[in-house]
Amino acid sequence: MEKLTSKKLMNMWAEYWTQNGHQKIDGASLIPNDNSVLFTTAGMQPLIPYLMGEPHPKGKRVFSIQPCLRTNDIEDVGDNRHHTMFFMLGNWSIGDYFKDDAIKWSYNFLTNEKWLAIPKEKLAVTVFEGDERVPRDEKSANLWKECGIPENRIFYFPKKDNWWEIGGGVGPCGPDTEIFYDTGKPACGPNCDPSCDCGKWVEIWNNVFMEFVVEKAGDPLKKLPQQNVDTGMGMERVVSVLNGFKSTYQNDCFEDAISVLEELSGKKFDFEQQDGKPFAVICDHIRASVFLLGDQKPTVPSNVGQGYILRRLIRRAVNCTRRLGINAQDLTKVAECFIEFYKDEFPNFVTKRDFILSELEKEIEKFNKALDGGLKEFSHITKDMKEGDTIDGKTAFRLFDTFGFPKELTVELAGEKGLKVDICGFDAAFKEHQQKSRDNSGAMFKGGVGQTNSEEEQILVARLHSATHLLHAALRKVIGPTAEQRGSNITPERLRFDFVCDHKMTDEEIKKVEEIVNDSIKANVPITCEEMSVEEAKNSGAIGIFESKYGDKVKVYTMGQFSKEICGGPHANSTGELGTFKITKEESSSSGIRRIKAILVK
């Protein structure tokens, strides 16, 4: 087979599933509609309502090419296979075909000369070995035998290997069958099989047979009202293994970016050498940054949520420019490589090009200023230290907390001077800092509301808290659904509300927000409170931004058709109690985050 490129694989995927009666669905935003996770981590994530029984507007057979972003691999990026942002190729049967067609079609796409043309001798499969709840998946094993996979290449594995469920175990689930590619690497021993991580076997496809559901934590398995098939193929990995590459960073999507880095640095990319790591980190992190900034619901660097992850990615990339000896601002040239490469599939990258590059430039400049101060402090800290000495953990953490110095940068600079860093001490200081922040937050605020002394002050705060909900709803109407809450503080005198917004609000926008809030107040609707599970709250349409702090039950405050939010209270009894809402100030809080201060006038 001729060289397989990522674009060729995308086109083949679309053609194959279209021929087999599937409708293409557009890739969803990297920012999910619900708040259960920060990012879209799998192609099936936006499809959960349909897999649970809701009819899909495009029918029972669909496929997608979905950008995904996972944060658990950030520290591992730089080796030959890990990525934060990647593409997942997926196809689904939503209550239509099941194991027979799914396995037959998978095998055909992989082995047929018209498609990937993989020799069947290079494939092995795994199936669920069964447990006390669900029997051994002999059906899938027999189907693989019918396709031509020999019995000694079919492996039965337990739940940890061949059972799919959403994190936490609540929701749709079921056994899966995974397909592995033999790289040709010698077996690590007589028992070498697809469960080994020796590198001989690489998973290239997963078929999940989603026929069960767990409705609440601790509940037994129940049968779904329909049988579904959910498949996933990691594009970067498949392109890499089928071309015989030893690193996914040899794929075509990274070629131009690596060429730019090689030209700027005067160094050659060699993934097998330590000097290759900064190439890989920059390519992965800048590509992910382009996708977050160019998303249909764009993320901008900040200190919370998705914005914090974006800031972390950019700053890790900046840190790697030092190791290559290039100007950090040249990272925009790397970003342009990805804008150009993906412009046909993601035309919004072209229309948002200036925004993507300017946000990247601003964050790089901001970090460089912080680094300048940190470098001076580092020199001061180490001026009297001798080779072999150790920088204590609290000092290393202060460099991080005060100057934004990444832990790995402190370790790198220390190594240049023959010094060590107490990493365990750093991690302990970091955990202590997190705990203090949580304790202080819990002591000072509840739902963003400051403690008050008198009954009168408590009433004022409750009214301003209700007004904050109406403000949030109004901003989402005027600015758009991206105007998510990023902070709230309320005193008896005023409210302060931070939200995502990429521009200074115009006078017209401010006036419109005030009008919407005041119309809600004039409607004088009751403010009702219901207690329910987080899942029930989400299904009811309630907004909830800081879901990690929720317990098993939450309170949902509803104000007619104007607002519905998860909240800890307190609130007024009706919107008519609030008075007249007036915005007193609109200003920047941080990059991509605006701040509104407002009052209620009786």
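Worth saying up front: this structure is predicted, and the values here are computed from it rather than measured.
For the pair Arg287 (side chain) and Met85 (backbone), a donor-acceptor distance under 3.5 Å is present. Between the Asp284 side chain and the Thr84 main chain, a donor and an acceptor come within less than 3.5 Å of each other. Between the side chain of Asp76 and the backbone N or O of His82 there is no donor-acceptor pair closer than 3.5 Å. A side-chain donor-acceptor contact under 3.5 Å links Asp193 to the backbone of Ser195. Side chain of Lys200 to main chain of Cys188: no donor-acceptor pair is present (N/O by atom type, distance under 3.5 Å, no hydrogens or angles). In this structure a side-chain-to-backbone donor-acceptor pair under 3.5 Å is present from Thr382 to Phe378. Asp230 contributes no side-chain N or O that, together with a main-chain N or O of Val208, makes up a donor-acceptor pair within less than 3.5 Å. A donor-acceptor distance shorter than 3.5 angstrom exists from the side chain of Arg316 to the backbone of Ile74, with no hydrogens or angles considered. The main-chain N or O of Leu360 is never found under 3.5 Å from a side-chain atom of Thr332 such that the two would form a donor-acceptor pair. With Gln66 contributing its side chain and Ala28 its backbone, the two residues share a donor-acceptor pair below 3.5 Å.
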Criterion side-chain hydrogen bond (donor to acceptor under 3.5 Å, both in side chains) on Asp392 and Thr395, from CA distance to verdict: CA-CA 6 Å; Asp392 69 86; Thr395 300; 2.7 Å; yes

Derivation and outcome, ring pair (Phe, Tyr, Trp, His ring centres under 6.0 Å), residues Trp205 and Trp105: CA-CA 12 Å; Trp205 196 321; Trp105 279 331; over 10 Å; no

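Dense packing is recorded around CD of Glu416, with more than 12 heavy atoms of other residues, nucleotides or ligands lying under 6.0 Å away. Within 6.0 Å of the NE2 atom in His380, the count of heavy atoms belonging to other residues, nucleotides or ligands does not exceed 12.
Counting all heavy atoms, side chain and backbone alike, Ser106 lies closest to Asn207 at OG-ND2, 2.9 Å. Contact record, Leu313 with Ser289: CB-OG, 4.0 Å, taken as the closest heavy-atom pair. The shortest non-hydrogen separation linking Ala328 to Asn368 is CB-ND2, 4.0 Å. A pairwise comparison of heavy atoms in Ser589 and Asp498 identifies OG-OD2, 3.3 Å as the closest pair. Closest approach of Cys337 to Val260, counting heavy atoms only: SG-CG2, 3.5 Å. When all heavy atoms are compared, the tightest approach of Leu242 to Tyr181 is CD2-CE1, 3.7 Å.
Rounded to the nearest 0.5 angstrom, Ile356 CD1 and Asn348 CG are separated by 7.5 Å. Residue Cys320 holds its SG atom at 10.5 Å from CZ of Phe279, rounded to the nearest 0.5 Å. Separating the CG atom in Leu89 from the CD1 atom in Ile204 is a distance of 11.5 Å, to the nearest 0.5 Å. Distance check: Asn243 CG to Thr248 OG1 gives 12.0 Å after rounding to the nearest 0.5 Å. Residue Ile326 holds its CD1 atom at 6.0 Å from CG of Leu331, rounded to the nearest 0.5 Å. Rounding to the nearest 0.5 Å places CG of Asp295 at 8.0 Å from OG1 of Thr40.
In this structure, Trp13 and Ile65 have side chains that are in contact, with non-hydrogen atoms separated by less than 4.5 Å. With a 4.5 Å cut-off on side-chain heavy atoms, Leu9 and Leu116 count as touching. Using a 4.5 Å heavy-atom threshold, the side chains of Asn228 and Leu47 count as separate. Considering only heavy atoms from C-beta on, Val238 stays 4.5 Å or farther from Met235 through its side chain. Within the 4.5 Å cutoff, the side chain of Arg237 has heavy atoms near those of the Glu203 side chain. Residues Lys352 and Pro298 form a side-chain contact, since some pair of their non-hydrogen atoms from C-beta on lies under 4.5 Å apart. In this structure the side chain of Thr482 never reaches within 4.5 angstrom of the side chain of Asp502, judged on heavy atoms. Asp330 is not listed as a side-chain neighbour of Thr321, based on a closest heavy-atom distance of 4.5 Å or more.
Electrostatic pairing of Glu121 and Arg153 does not count as a salt bridge here, judged by no charged N lying under 4.0 Å from a carboxylate O. A salt bridge between Lys362 and Glu365 is absent, with no side-chain N of the basic residue lying under 4.0 Å from a carboxylate O of the acidic one. With respect to the salt-bridge test (charged N to carboxylate O, under 4.0 angstrom), the residues Lys333 and Glu336 do not qualify. A salt bridge between Glu484 and Lys297 is absent, with no side-chain N of the basic residue lying under 4.0 Å from a carboxylate O of the acidic one. Checked for salt-bridge contact, Lys417 and Asp389 miss the test: no charged N lies under 4.0 Å from a carboxylate O. A salt bridge links Arg315 with Glu363; the closest basic N to acidic carboxylate O contact falls under 4.0 Å. Under the 4.0 Å criterion applied to side-chain N and carboxylate O atoms, Asp252 and Lys8 are not assigned as salt-bridge partners.
Classification of the Phe346-Phe349 ring pair by plane angle, with boundaries at 30° and 60°, yields parallel. Classification of the Phe397-Phe426 ring pair by plane angle, with boundaries at 30° and 60°, yields perpendicular. Aromatic ring pairs are classed by plane angle as parallel below 30°, tilted from 30° to 60° and perpendicular above 60°; the pair His83 and Tyr249 is tilted. Between Tyr16 and Phe109, the angle of the ring planes lies from 30° to 60°, which puts this pair in the tilted group.
Annotation: cation-pi pair Lys7/Phe341 present, NZ/CZ under 6.0 Å from the ring centroid and within 45° of its normal.
Aromatic pair Phe87/Phe291: ring centres closer than 6.0 Å. Taking the six-membered ring for Trp and the full ring otherwise, the centers of Phe400 and Phe430 sit less than 6.0 Å from each other.
Between the side chains of Thr126 and Asp161, not a single donor N or O lies within less than 3.5 Å of an accepting N or O.
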